[in-house]
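Reviewing the structure listed below.
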There are 2 protein chains.
Amino acid sequence: MGQPRYQRRKEDRPQEITEAAFAAFAEKGFTATKVEEVARRAGVSKGLLYLYFKTKEELFKAVIRSVVTPRVDELTRTLERSELGAEAFIRGPLLAFMQRLPGSPASVVVRLMISEAPKHPDLVEYYWQNVASRGLGALRQLLDRGVANGEFRRSAVNDLPQLFLAPVMMSIVWGIVFADRSLDTDKLIETQADMILAYIKA
Amino acid sequence: MGQPRYQRRKEDRPQEITEAAFAAFAEKGFTATKVEEVARRAGVSKGLLYLYFKTKEELFKAVIRSVVTPRVDELTRTLERSELGAEAFIRGPLLAFMQRLPGSPASVVVRLMISEAPKHPDLVEYYWQNVASRGLGALRQLLDRGVANGEFRRSAVNDLPQLFLAPVMMSIVWGIVFADRSLDTDKLIETQADMILAYIKA
DNA sequence: ATAATTAATGACCAATGGGTCAGCAAGCTT
DNA sequence: AAGCTTGCTGACCCATTGGTCATTAATTAT
């Protein structure tokens with residue numbers, strides 16, 4: 001009956017801890033989350049956590065990276081695979097992708113970035129390199145492609161792909177602040193796409 | 001030479017403390033700001049601060065209210081005074097107002113709300129009643145007026161005045177996270193106004 | 001089996017910071 | 001000028017929590 005009191009699972013621990021931390025941060029934010037709480041959720045002692053992550057901040061960075069990386073990969077894959085025209089791509093996969101963001105972990109990342117960015121310049125740099133600049137670059141490329149093949153005219157939008165993301169950001173922030181008060185985020189994002197397309201169509 | 005070590009200025013203290021707190025919160029955020037730091041900035045002892053504000057949270061709420069109230073008043077006044085047509089109002093005073101927001105204290109308030117909203121439901125309620133719902137209501141009214149007098153057609157925008165604010169929010173968040181990396185927020189907001197107007201014009 | 005290795009524990013430490021309060025002194029009253 | 005009220009101070013308290021480390025026990029090697 002000697003149930004061992006724990007198992008040694010060196011391989012799995014980091015991810016388990018990271019996932020537990022994400023869940024905790026999502027609920028309470030970074031500062032308000034106690035390291036011990038993360039450990040408890042991961043079914044692990046606080047001491048072990050500090051064996052895998054030097055400080056609470058290191059853990060935080062690892063969490064952001066772990067959430068962000070797969071999502072960016074998803075986006076770039078979608079972009080590369082597709083052979084749709086620019087407008088069709090925007091109305092199809094891009095719209096779907098953007099509409100999923102407000103309800104996804106991305107939303108938590110945004111909240112954490114806004115709260116903690118000023119204290120973590122290296123994390124901002126990472127986020128810029130791996131998410132923002134790549135995403136915006138892809139959008140710019142898409143718009144330029146549309147111009148090149150005559151679908152779109154060249155306009156201010158070419159230099160401001162942030163216009164696509166503005167209603168996504170609005171939806172995310174709305175969700176954080178006014179959790180309950182409903183807003184039709186799908187409609188918001190879709191209408192923006194409609195407007196932009198009407199505005200830039202050749 | 002008996003310089004008095006302090007003066008009694010019961011009337012001015014609350015505002016002085018509130019202003020010092022705003023400056024401190026703007027730099028470090030709510031949690032990272034120590035009450036003692038606020039007191040120091042206000043040129044006051046920590047004990048006195050607690051004479052005027054029961055807790056750190058009460059101070060926080062007072063700060064938000066003090067920043068938000070005058071700004072809302074400014075907006076509503078502008079709206080009421082103006083006798084411009086809907087489009088002219090949007091391209092004129094409304095655009096100017098929105099373009100000022102990202103560089104204004106409003107930006108700090110947004111950051112604080114995003115970070116602290118989950119812990120301060122009553123503050124969210126206050127913000128909703130006094131800022132969000134009034135601002136959105138005014139925009140809705142403006143759009144309806146435009147429809148009524150034949151300037152605009154009725155469209156999805158009538159139910160989603162958040163579309164106007166989306167690039168403002170984007171600019172604010174951008175400024176918080178990527179402080180240095182520049183974004184032409186004026187252009188972003190102006191282009192959005194152009195797009196919306198093109199989209200809804202009768 | 002026995003020894004060696006190291007994943008894992010949890011009691012503990014030290015610093016931080018919100019909040020208190022006994023006492024001091026500015027400035028008013030008489 | 002003496003006394004009184006109260007705005008104001010700053011030393012202090014103590015709960016919280018990030019981080020450490022001596023110890024334990026699961027696993028592997030011999």
Side-chain angles (χ1 to χ4, degrees), chain A residues 1-25 27-64 112 115-116 118-120 123, chain B residues 1-25 27-64 112 115-116 118-120 123:
Chain A
M1 17 207 61
Q3 280 280 32
R5 314 216 304 205
Y6 56 81
Q7 285 147 27
R8 312 168 115 204
R9 304 206 331 278
K10 186 181 171 154
E11 307 304 322
D12 305 332
R13 294 307 191 196
Q15 196 188 345
E16 287 172 8
I17 293 169
T18 278
E19 281 167 10
F22 176 79
F25 292 166
E27 282 177 23
K28 307 191 164 189
F30 174 71
T31 311
T33 298
K34 303 167 211 174
V35 174
E36 208 163 12
E37 164 75 6
V38 173
R40 204 179 52 65
R41 285 192 193 224
V44 142
S45 73
K46 194 168 66 163
L48 184 64
L49 191 154
Y50 275 97
L51 204 67
Y52 291 106
F53 302 94
K54 266 197 249 310
T55 67
K56 193 187 180 189
E57 291 202 2
E58 281 302 316
L59 172 62
F60 177 63
K61 293 175 189 175
V63 167
I64 299 289
L112 293 173
S115 302
E116 305 297 330
K119 236 189 310 186
H120 299 275
L123 192 65
Chain B
M1 14 214 60
Q3 280 279 30
R5 315 216 304 202
Y6 57 81
Q7 284 147 27
R8 313 168 113 202
R9 305 209 327 280
K10 184 179 174 158
E11 306 304 322
D12 307 329
R13 294 308 193 194
Q15 196 189 346
E16 287 172 7
I17 292 169
T18 278
E19 280 167 11
F22 175 79
F25 292 167
E27 283 177 23
K28 306 191 165 190
F30 173 71
T31 311
T33 298
K34 303 168 210 175
V35 173
E36 210 164 12
E37 164 75 7
V38 173
R40 202 178 54 66
R41 287 194 192 224
V44 142
S45 72
K46 194 166 69 163
L48 184 63
L49 193 153
Y50 276 97
L51 204 66
Y52 291 107
F53 303 93
K54 267 197 250 309
T55 65
K56 193 187 180 189
E57 292 202 1
E58 282 302 318
L59 172 62
F60 178 64
K61 292 176 191 175
V63 167
I64 298 289
L112 292 173
S115 301
E116 305 297 329
K119 236 188 309 186
H120 299 274
L123 191 65

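Protein chains get the first letters and strands the later ones, always in sequence-line order, with residue 1 at the start of each.
For the pair Lys28(A) (side chain) and Lys34(A) (backbone), a donor-acceptor distance under 3.5 Å is absent.
A salt bridge links Arg9(B) with Glu16(B): the distance from a Lys NZ or Arg NE/NH1/NH2 to an Asp or Glu carboxylate oxygen falls below 4.0 Å. Residues Glu36(A) and Arg40(A) are not paired through a salt bridge, judged by the lack of any N-O separation under 4.0 Å between the basic side chain and the carboxylate.
Tyr52(A) is listed as a side-chain neighbour of Lys10(A), based on a closest heavy-atom distance under 4.5 Å.
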Evaluate the side-chain contact (heavy atoms from CB on, under 4.5 Å) criterion for residues Leu123(B) and Glu116(B): first the C-alpha distance (whole Å), next the side-chain angles of each, then the deciding distance (0.1 Å), finally the verdict.
CA-CA 9 Å; Leu123(B) 191 65; Glu116(B) 305 297 329; 5.8 Å; no
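The side chain of Arg9(B) contributes no N or O atom lying less than 4.0 Å from OP1 or OP2 of dG7(D).
Whole-Å rounding puts the Leu49(B) CG to dG7(D) C1' distance at 14 Å. To the nearest angstrom, P of dA8(C) lies 9 Å from NZ of Lys10(A). The CD atom of Glu37(B) sits 15 Å away from the P atom of dT16(C) (whole-angstrom rounding). For the pair Arg40(A) CZ and dT9(C) P, the computed distance is 14 Å after rounding to whole Å. The CG atom of Leu48(A) sits 16 Å away from the P atom of dA11(C) (whole-angstrom rounding). One interatomic measurement links the two molecules: CG of Leu51(B) to P of dA22(C), which rounds to 15 Å at whole-angstrom precision.
Using a 4.0 Å heavy-atom distance criterion, Tyr52(A) is classed as a sugar-phosphate-only contact.
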Could you write nucleotides 25-30 of chain D as a row of B, S and -, 5' to 3', where a protein heavy atom under 4.0 Å of any base atom gives B, of only sugar-phosphate atoms gives S, and otherwise -?
SBS---
Tell me, for nucleotides 12-18 of chain D in 5' to 3' order, what letter each nucleotide earns: B for a base near a protein heavy atom under 4.0 Å, S for only sugar-phosphate near one, - for neither?
-----SB
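Counting non-hydrogen atoms of neighbouring residues, nucleotides and ligands closer than 6.0 angstrom, the NZ atom of Lys61(A) exceeds 12 such neighbours. Shown here is Glu58(B), whose CD atom has more than 12 heavy atoms of other residues, nucleotides or ligands within 6.0 Å.
Qualifying ring pair (Phe, Tyr, Trp, His ring centres under 6.0 Å) partners for Phe30(A), counting only residues two or more places apart in sequence or in other chains: Phe25(A), Phe60(A).
Closest approach of Arg13(A) to Val44(A), counting heavy atoms only: NH1-CG2, 3.8 Å.
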